[in-house]
Amino acid sequence: MKNLTKILLSVCILLISLILIMISGASFEIFPFEWSVLLVILSSITFIIALIAAILLDYSAGDYECKKCGQRFKPTLGAYVWGAHTLTTRYLKCPHCEKKSFCKRRLAE
């Protein structure tokens with residue numbers, strides 16, 4: 001599973017770098033206007049796909065531990081996406097004690 005995670009992360013990084021290349025090519029007016037517009041549209045679609053892939057990959061990587069009661073839980077995808085967060089914590093509502101706190105992320109084994 002670790003190897004699959006590394007591969008998916010590298011694909012996401014590759015897609016994001018491809019977006020930057022396409023946008024930079026379009027912004028230098030090397031191509032005709034129609035091609036520039038097409039490159040911006042394609043790079044935007046590619047970025048959205050890479051972003052969704054990265055979110056789903058990160059969401060599936062583990063669960064969270066409530067700061068108040070110590071229980072581990074998996075938040076809903078909506079709560080995960082919209083919750084305020086740092087690199088290791090996310091502001092979530094615990095389904096066990098029903099309190100909101102910055103829950104610490106625990107990676108799956």
* **Distance-minimising heavy-atom pair for Tyr64 and Cys103** =>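 Nearest pair, atom of Tyr64 first, then Cys103: CD2-O, 3.6 Å.
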
* **Where Pro75 and Tyr59 come nearest, the two heavy atoms and their spacing** =>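 That would be O-OH, 2.6 Å.
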
Only counting residues at least two apart or in another chain, list the ones meeting side chain to side chain donor-acceptor pair (under 3.5 Å) with [X].
X      : answer
Ser101 : none
Thr86  : Thr89
Glu65  : Arg106

Provide the full list of salt bridge (Lys or Arg N to Asp or Glu O under 4.0 Å) pairs with a residue in [range], sequence neighbours left out, each pair given once.
range          : result
residues 36-55 : none
residues 77-93 : Lys93-Glu98
residues 42-52 : none

* Asked: Are the side chain of His96 and the backbone N or O of Cys94 linked by a donor-acceptor pair below 3.5 Å?
  ->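 Not a single qualifying donor-acceptor pair exists.
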
* To do: State which residues pass side-chain contact (heavy atoms from CB on, under 4.5 Å) with Lys99; sequence neighbours excluded, sorted by chain then number.
  =>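 Applying side-chain contact (heavy atoms from CB on, under 4.5 Å) to Lys99 gives Lys68, Cys97.
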
* Asked: Does any pair with a residue in residues 73-82 pass side chain to side chain donor-acceptor pair (under 3.5 Å), and if so which ones, sequence neighbours excluded?
  ->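 For residues 73-82, and leaving out neighbouring residues, the side chain to side chain donor-acceptor pair (under 3.5 Å) pairs sorted by first residue read Asp58-Tyr80.
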
* Could you pull out all residues at least two apart from Tyr91 that satisfy ring-ring contact (aromatic ring centres under 6.0 Å, His included)? =>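 Tyr91 satisfies ring-ring contact (aromatic ring centres under 6.0 Å, His included) with Phe102 once adjacent residues are dropped.
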
